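Just so you know, these numbers come straight off a predicted model, no measurement behind them.
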2 protein chains.
Amino acid sequence: MKIKEAAEIAGVSVRTLHHYDNIGLLKPETKAENGYRLYSKTDLQRLQQILFFRELDFSLADISSILNSPHFDRTDALKKQHALLQLKKKRLESIINTLEKTIAATEENKDMSAKENFEGFDMSKIDEHRKKYADEVKKRYGSTAEFRESSKRTESYTDRDWKDVTEKGNAILAEIGSLMDEGAGSEAVQMEVEKWRAHITESFYTCKIEILAGLGEMYSSDDRFKKNIDKIKTGLAAFLTEAIRIYCKENN
Amino acid sequence: MKIKEAAEIAGVSVRTLHHYDNIGLLKPETKAENGYRLYSKTDLQRLQQILFFRELDFSLADISSILNSPHFDRTDALKKQHALLQLKKKRLESIINTLEKTIAATEENKDMSAKENFEGFDMSKIDEHRKKYADEVKKRYGSTAEFRESSKRTESYTDRDWKDVTEKGNAILAEIGSLMDEGAGSEAVQMEVEKWRAHITESFYTCKIEILAGLGEMYSSDDRFKKNIDKIKTGLAAFLTEAIRIYCKENN
DNA sequence: TATAAACTATCACGTTACGTAAGGGTCAAT
DNA sequence: ATTGACCCTTACGTAACGTGATAGTTTATA
């Protein structure tokens, strides 16, 4: 499905999809030879998720970190979105109520107290809920600061850049794979972990030690990462996790 | 009432009130000697109006032109806001509906059609309504283009600037007042009308002839303007309207 | 089969409604 | 007399796109 069709179905602009692609929020599954973005059904499902979150005033950075989180649970998300939408509805009803009171007051030429005039506009309850949800995710998977930095930098990446980054990463992983016999704590492996960390810092965001620790655990616990890494060599994911654990202990 | 108190009652930030002052959307009734902004009850009522409009995604420029329009009718506005808020509520309910359907579908492992996934997100009905309302006002009272230009320029006005502008305007009006015997079509009066037009262009926005025509009518029909002008000399408002009518005919 | 119409891409600057400091006065209470 | 809460202006920063400009593709039609 080409971009215009996707945009029309979802009711967003083509520019919006371009933007979401740029910041890495929604990268179409495939890119045709002519450079055209091709959206799949899965992409549209992700887009629906994005729109639900956007309706609830989540920032795109937060949406990004939520959707990309290894702990992301679609069913759970849908339910939390439902709760939040109900809150939003209540707020709206409250505002309508205030408006109706105001109309009544003007018609009867009474006046309302200052506070009464502004009942319902408050957003803090919704904000709180939203923040709580967003924070829950961030604790586990790097803060928004890293995401923002990453988004900013990857925004200007061309297809070529992406390819380079992936290849460079895979090269390091392959090297680590070939060193599995030496043991996770060996100097050679530890040097590669250092390289891996530098690679992340160069390509995405400043990879602080705590972040690296989080990533290390993820590589084994999250299937999406695990599968990709084990594709390079079986057992590599677990080995990498262990190696990073040691690295983080030593460099703390 | 000082700015913080006003902000707290309304549930907006102090910065927001600063901003609204800067763009001329909500200028506090009085300014204390020490420069402090002092908000009155009327100011708060206007702020309530602003918040209602903002809730409906009117741009501040549009809100400005609506609230400043001589044709602004508070009761009418409240009713239209009510209608729009109902539309917004319906949209929200529709989104909730889609969300519930999505939850049900995932639980039963069915899948939904692409279109079904995005039902309710559409804003066009609301947008249309809003635009219609905003346009209604703009037709009568200068377009947003003029308002934007005006806002931009007055943003950097200091108190001194405002005083200068007002005084200069009053001087021209006084001159016209003293020429009332010569007749509205006389060369002397027509020259003053030209000056008046230049004054508006210099101080606020490019005063095209059609805009001037609109303003001319307003000076008599709108009491807020009429009163102020007649303060300078009785009958001046009507005289000015007539003089501008002639000017616009001749310069068309 | 050419050619226009419709769609696609990538820059790159513009916009709206404030947020967020920086630097400096004002006022009430201790 | 000082501290802390409040006020001011100035000015740069941000988010989520909008809006061209320029150029390559694809598809419909003459």
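Glu55(B) and Gln81(B) share no donor-acceptor pair across their side chains, judged by distance under 3.5 Å alone. A donor-acceptor contact under 3.5 angstrom links the side chains of Asp43(B) and Ser40(B), judged on distance only.
OP1 or OP2 of dA16(D) has not a single side-chain nitrogen or oxygen of Arg54(A) nearer than 4.0 Å. Note on Ser13(B): a side-chain N or O is less than 4.0 Å away from OP1 or OP2 of dG19(C).
Checking dT8(C), dT26(C), dC17(D) against every side-chain atom of Asn34(B), the shortest atom distance belongs to dT26(C). Among dT26(C), dC17(D), dC18(C), the nucleotide with an atom closest to any side-chain atom of Thr16(A) is dC17(D). Each of dT20(C), dA9(C), dC27(C) was ranked by its minimum atom distance to the side chain of Ile3(A); first place goes to dA9(C). Listed nucleotides dT10(C), dC7(C), dA17(C) differ in distance to His18(A); the shortest reach to its side chain belongs to dT10(C). Between dT8(C), dC6(D), dC17(D), one nucleotide has an atom nearer to the side chain of Lys4(A) than all others, and that is dT8(C). The side chain of Tyr36(A) lies closest to dT25(D), out of dA11(D), dA16(D), dT25(D). For Arg37(A), the listed nucleotide lying nearest its side chain is dT10(C); candidates were dT26(D), dC18(C), dT10(C). The side chain of Tyr20(B) sits closest to dC18(C) out of dC18(C), dC7(D), dA16(D).
When the P atom of dT10(D) is taken as reference, atom CG of Asn22(B) falls 9 Å away, rounded to whole Å. Atom NZ in Lys31(A) sits roughly 15 Å away from atom C1' in dT25(D) (whole-Å rounding). In this entry the distance linking NZ of Lys2(B) with C1' of dA5(D) reads 9 Å, nearest Å. Spacing between atom CG of Leu25(A) and atom C1' of dA16(D) amounts to 11 Å, rounded to whole angstrom units. Per the geometry, CD belonging to Glu5(A) stands 17 Å off P belonging to dT26(D), to the nearest Å.
Checked for salt-bridge contact, Arg130(B) and Asp127(B) meet the test: a charged N lies under 4.0 Å from a carboxylate O. Under the 4.0 Å criterion applied to side-chain N and carboxylate O atoms, Lys4(A) and Glu8(A) are assigned as salt-bridge partners.
Map Arg15(B) and Leu60(B) each onto its nearest nucleotide of DNA chain C; the residue landing nearer the 5' end is Leu60(B).
Taking the six-membered ring where the residue is Trp, Tyr219(A) and Trp196(A) present perpendicular rings, their angle passing 60° and hence far from 30°.
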